[in-house]
Amino acid sequence: MTGKRFVVLIATGLLMMWFGILGINVLLELRYLSTASNDNMQWTILQVETEIANLNAVLSDQIAAEQPDIGVVRLRADIALSRVALIDSGRTGQAFVEDPETARLRQGLEVFSDRAIEILDNSGELGRTQLLELRALTHEIRPDVRQLALLGLERGVERSEAQREEFARQLRLTGISAIALIIGLTVLLLILDRMLARARERDAQLLASSDRLTSTVAASLDAIVTSNEQGEIVDFNASAETIFGWSRADILGQKMEDTIVPHRYRAAHAAGMERYLTTGTPRVVDGGRVELSGLRKSGEEFPIELNITSAQGNHGELFIAYLRDISDRKIAEQKLIDARDRAERMDRAKSQFLAVMSHEMRTPLNGILGVLDLMRTTDLTSRQERYVRVASASGEILLEHVNEALDITRIEIGTMKLAPSPFNLDVVVQSIVDVLTPLAHEKNLSLNLQFDPGMARPFLADGGRIGQILTNLIGNAIKFTNSGSITVAVGGVHGADMTAASISVTDTGAGIPPESLEDIFEDFVALTHAEGRQSRGDGLGLSISRKIARLMGGDLTVQSVVGQGSSFTLSLSLERSTAEDIQATHDDGTGGVIIDPPSAQQVLIVEDNAINRSVLRDMLEGLGHKVTEACDGAEGVEAAQKRRVDLIIMDINMPVMDGIEAVRRIREMAGPNQRTYVLGLTAHGREEYLAKAEAAGMDGFCTKPIRLYALQDILAGIGGAEASSAGDIVADSEQIDSATLTELVGALGAEKTTATVDRFFEELETTLARLVGLTVGADAEDISAETHKLRGSAALLGLTALVAEVDLIAAASKQGVAPAYADGIESLRQMAAESRDLIRQKIANIAQADL
């Protein structure tokens with residue numbers, strides 16, 4: 001509106017200015033016409049003609065007189081000459097200045113004037129001769145004067161006509177301008193009228209809006225308090241009266257800090273107002289909702305939700321506060337918080353209960369499984385042997401359930417720790433597929449592996465947990481598929497440093513209904529068919545797998561079609577590792593030599609559970625070793641100071657002194673067992689105590705129950721360590737994966753396993769010969785194919801040290817380092833010669849333990 005009004009004012013001013021200029025021009029023209037300059041010019045010319053005629057007449061009279069009156073002649077001559085001079089001056093001269101004819105006539109008058117003045121100004125008296133000459137001049141000039149008079153009349157008429165035309169034009173222009181001005185003024189009047197109408201309409205709208213705002217404020221459920229820059233309350237709605245207990249009439253004009261602001265906030269409120277008014281920088285104003293406290297008239301302080309905005313008033317800035325009494329909400333929130341805390345305490349109590357129970361169950365399981373292992377070493381009837389196998393299998397299942405319950409507990413209470421280390425994904429996947437293939441074949445299922453070659457590289461992650469998830473997925477697929485096939489597909493997308501890995505396990509089983517796809521990941525959920533037969537879900541396996549996957553930053557999802565099968569996909573972001581990392585890892589643990597297990601060794605068992613001590617003693621003595629027992633850490637430290645032993649088996653959790661502290665003291669004391677191999681045992685998870693055990697000086701760490709074959713492996717490794725020149729202790733379990741080898745022996749039997757091992761080493765010799773004949777760089781693809789095949793076979797047998805050496809050879813080939821490639825082949829040949837006898841011995845030990 002302001003812009004339009006400015007335009008209207010400018011337009012009006014311009015029109016008035018234009019009309020004023022036209023009026024001035026008309027007045028000037030009218031004034032010019034009123035001066036009668038043409039009449040004056042004609043009168044002057046006629047006077048010249050008249051005076052010339054008079055002079056001519058006087059000259060004729062004086063020439064005819066006997067005594068000419070020279071004075072009269074001079075008088076008439078002067079008058080005539082003065083009239084001639086008037087022609088060249090004023091408007092008359094300006095009228096003739098541009099006309100060539102008048103110029104010629106005026107030149108003749110000028111010659112006449114000059115000659116007449118010359119005759120009149122002669123020093124002598126005017127004689128008859130001079131008078132005759134003057135009359136001749138006068139007579140001669142009279143026609144020109146006459147013609148000049150006629151021209152003057154003609155030019156005067158023309159000039160008058162032009163002036164009339166100009167005046168008429170000015171009048172027309174003025175008239176047109178007057179009409180335009182009237183039109184413009186009319187338009188402006190219309191515009192002003194429209195602006196006035198809009199202003200009235202806007203005033204009406206503002207009035208209606210003000211009425212609505214007043215009604216809204218009055219009916220608002222929130223308290224609305226308006227104050228000025230001095231903090232004085234200028235408005236107080238009905239809700240504010242209800243909330244604060246003040247009447248509007250009583251509180252208007254009073255300051256907020258004296259009425260509704262609690263005493264403890266008044267200084268801060270005053271400082272905030274002063275800061276805002278000084279700097280203009282808001283903190284609470286227009287800062288959104290905040291929770292503070294208000295003060296009722298009764299003096300009760302209560303929680304409020306506050307939002308303050310500002311607006312410009314007639315006398316400065318106004319602050320509008322919207323307040324809400326949130327006492328009820330706070331009470332409800334506190335109730336919810338209390339309920340949540342109670343639920344969390346109950347959940348923690350449940351988790352603690354599960355953790356304690358799993359620990360307590362591991363301890364008797366240690367005894368049960370240990371006794372079953374010992375029973376297999378005795379002469380049993382076929383029926384007894386079958387009973388032992390059933391009991392052992394049941395114990396293994398119970399142990400698996402205990403481990404799963406412990407995993408759930410550790411995940412829920414946040415104590416599960418991942419142990420990332422370099423590992424080869426292809427080895428992990430291939431080994432699991434190899435182990436579970438016989439199980440699939442028992443159900444006439446084909447187990448296929450589709451491995452993207454780009455994923456055959458080292459990664460840095462907890463490979464054990466990934467293997468646990470895959471074992472669960474593939475095992476479930478075999479369990480819930482009656483016919484068809486199972487396919488394990490491994491692929492990924494490679495970034496700069498990370499790889500988005502995708503591992504899917506697809507089966508051709510019965511499938512899962514869409515509404516149950518997420519239920520199978522719940523704890524202890526098992527889906528069943530209408531006939532009551534279980535179709536999917538086995539309790540904790542899938543739940544643990546998904547939780548571990550998410551703990552690793554990935555996820556486990558499922559897609560399924562009823563009647564066609566299911567596909568579980570493990571998605572993980574894996575950090576890629578380098579060959580140097582693998583080298584460093586293996587150097588840390590696989591640098592020792594492997595020798596045959598030693599003969600009888602001295603073993604100190606430090607364990608507070610009498611049954612476990614008894615079982616361990618029987619196991620060790622059954623293997624031909626000598627045993628000393630201690631009931632707690634303090635007794636173990638004392639026993640370790642008395643006599644040197646070859647192995648200390650130290651329980652972690654014991655009364656009086658725990659195993660961690662006991663080992664720390666043994667290592668610090670200069671006793672006979674300061675460097676003795678110490679194997680830690682715990683019924684809890686490995687991750688909880690692994691770091692503490694290593695820090696205390698333990699060389700190995702196992703979870704209960706410890707099995708007989710594992711104990712054999714450890715004892716064999718200790719013997720090799722003592723024989724090494726460096727004195728480092730290395731367990732051969734790190735050279736050969738006992739679990740993989742045990743599974744293989746269980747599936748094929750000792751005899752077939754030994755035959756497979758012999759065939760592998762024969763093929764190894766052949767492969768080594770081919771590798772020696774290949775050239776680094778030129779035969780990179782052939783080397784990669786040979787090492788990949790060799791690696792898979794070694795992994796199948798659990799020959800982890802050989803797998804690592806093969807990786808080094810492959811890495812040297814990829815990097816084009818020929819000397820490292822040649823050294824690797826030679827090292828692999830030597831390692832193969834040493835590993836062959838060792839693995840044969842381990843197979844025999846496993847077979848003996850199974851008897």
Enquirer: Any chance CZ of Arg340 has more than 12 other-residue heavy atoms, nucleotides or ligands included, within less than 6.0 Å?
Expert: yes
Enquirer: Can you check whether Gly495's main-chain N or O pairs, donor with acceptor, with Arg576's side chain at less than 3.5 Å?
Expert: yes
Enquirer: In Å and rounded to the nearest 0.5 Å, what is the CD1 to CG distance from Ile660 to Asn653?
Expert: 8.5 Å
Enquirer: As a quick check of understanding, evaluate side chain to side chain contact (heavy atoms under 4.5 Å, CB included) for Val558 and Phe521, giving each step before the final call.
Expert: CA-CA 10 Å; Val558 60; Phe521 293 105; 3.6 Å; yes
Enquirer: Thinking salt bridges, do Arg329 and Glu333 make one under a 4.0 Å N-O criterion?
Expert: yes
Enquirer: Side chains of Thr557 and Asp555 only: does a donor on one sit below 3.5 Å from an acceptor on the other?
Expert: no
Enquirer: Would you name the heavy atoms of Ser573 and Met498 that are closest together and state the gap between them?
Expert: O-CE, 3.7 Å
Enquirer: Counting only N and O atoms by type, is there a donor-acceptor contact under 3.5 Å from the side chain of Thr471 to the main-chain atoms of Gly467?
Expert: yes
Enquirer: Taking the six-membered ring for Trp, are Phe423 and Phe459 parallel (under 30°), tilted (30 to 60°) or perpendicular (over 60°)?
Expert: tilted
Enquirer: Are Arg264 and Ser293 packed together at the side-chain level, in the sense that at least one heavy-atom pair is separated by less than 4.5 angstrom?
Expert: yes
Enquirer: Search all heavy atoms of Asp462 against all heavy atoms of Met552 and return the closest pair with its distance.
Expert: O-CE, 3.9 Å
Enquirer: Could you check Ile179 against Ile183 for side chain to side chain contact (heavy atoms under 4.5 Å, CB included), going step by step and ending with a plain yes or no?
Expert: CA-CA 6 Å; Ile179 294 172; Ile183 295 174; 3.9 Å; yes
Enquirer: Evaluate the side chain to side chain contact (heavy atoms under 4.5 Å, CB included) criterion for residues Ser239 and Ile224: first the C-alpha distance (whole Å), next the side-chain angles of each, then the deciding distance (0.1 Å), finally the verdict.
Expert: CA-CA 7 Å; Ser239 295; Ile224 301 177; over 6 Å; no
Enquirer: Does the side chain of Val234 come within less than 4.5 Å of Leu252's, by heavy atoms?
Expert: no
Enquirer: Would you indicate whether the side-chain heavy atoms of Val225 and Ile260 approach each other to under 4.5 Å?
Expert: yes
Enquirer: As an exercise, state the distance from CD1 of Ile469 to NZ of Lys547, rounded to the nearest 0.5 Å.
Expert: 13.0 Å
Enquirer: Just how far is it from atom CE of Met273 to atom NZ of Lys255, taken to the nearest 0.5 Å?
Expert: 9.0 Å
Enquirer: Give the C-alpha distance, both sets of side-chain angles, the deciding distance and a yes or no for side chain to side chain donor-acceptor pair (under 3.5 Å) between Arg465 and Gln468.
Expert: CA-CA 5 Å; Arg465 291 297 179 184; Gln468 179 182 353; 2.6 Å; yes
Enquirer: Check the pair Phe244 / Leu323 against side chain to side chain contact (heavy atoms under 4.5 Å, CB included), numbers first and verdict last.
Expert: CA-CA 10 Å; Phe244 289 100; Leu323 307 103; 3.9 Å; yes
Enquirer: Please round to the nearest 0.5 Å and tell me the distance separating atom CD1 of Ile233 and atom CD of Gln254.
Expert: 7.0 Å
Enquirer: So, taking the atom named CG in Asp341 and the one named CG in Leu336, what distance separates them when rounded to the nearest 0.5 Å?
Expert: 10.5 Å
Enquirer: Test Asn476 against every option in Asn472, Ile474, Leu473 by the side-chain contact (heavy atoms from CB on, under 4.5 Å) rule and name the one that passes.
Expert: Asn472
Enquirer: Evaluate the side-chain proximity of Arg248 to Asp235: yes if any heavy-atom separation is below 4.5 Å, no if none is.
Expert: yes
Enquirer: Nearest heavy-atom pair of Thr506 and Ser567: which atoms, and what distance?
Expert: OG1-OG, 3.0 Å
Enquirer: If you take all heavy atoms of Gly511 and Ser566, which pair is closest and at what distance?
Expert: CA-OG, 3.6 Å
Enquirer: Under the side-chain contact (heavy atoms from CB on, under 4.5 Å) test, which residues partner Gln334, sequence neighbours left out?
Expert: Ile337, Asp338
Enquirer: List the atom of Leu574, the atom of Ala461, and the distance in Å for their closest heavy-atom pair.
Expert: CD2-CB, 3.9 Å
Enquirer: Report yes or no: does Thr278 contribute a side-chain atom to a donor-acceptor pair with the main-chain N or O of Glu274 at less than 3.5 Å?
Expert: yes
Enquirer: When you measure from the side chain of Asp507 to the backbone of Phe568, do you find a donor-acceptor pair of N or O atoms at a distance under 3.5 Å?
Expert: no
Enquirer: To the nearest 0.5 Å, tell me how far Glu317 CD sits from Ser227 OG.
Expert: 10.0 Å
Enquirer: Under 4.5 Å between any side-chain heavy atoms of Ile243 and Phe302, yes or no?
Expert: yes
Enquirer: When you look at Arg169 and Glu166, which way does the salt bridge (charged side-chain N to carboxylate O under 4.0 Å, His left out) test go after all the steps?
Expert: CA-CA 5 Å; Arg169 190 183 67 81; Glu166 178 63 21; 2.7 Å; yes
Enquirer: Can Arg266 and Asp258 be counted as an ion pair, charged N to O under 4.0 angstrom?
Expert: no
Enquirer: Please check if the side chain of Ser560 supplies one atom and the backbone of Gly565 the other of a donor-acceptor pair under 3.5 Å.
Expert: yes
Enquirer: Any heavy-atom pair between the side chains of Arg296 and Asp325 that's under 4.5 Å?
Expert: yes
Enquirer: For a side-chain contact (heavy atoms from CB on, under 4.5 Å) with Ile503, tell me which candidate from Val428, Leu470, Leu556 qualifies.
Expert: Leu470
Enquirer: How far apart are the closest heavy atoms of Glu257 and Ala270, and which atoms are they?
Expert: OE1-CB, 4.0 Å
Enquirer: Taking the side chain as every heavy atom from C-beta outward, state whether Ser310 and Phe319 have any pair of such atoms under 4.5 Å apart.
Expert: yes
Enquirer: Do the side chain of Ser210 and the main chain of Leu206 share a donor and acceptor less than 3.5 angstrom apart?
Expert: no
Enquirer: With heavy-atom distances below 4.5 Å as the criterion, would you say the side chains of Val490 and Asp452 are in contact?
Expert: no
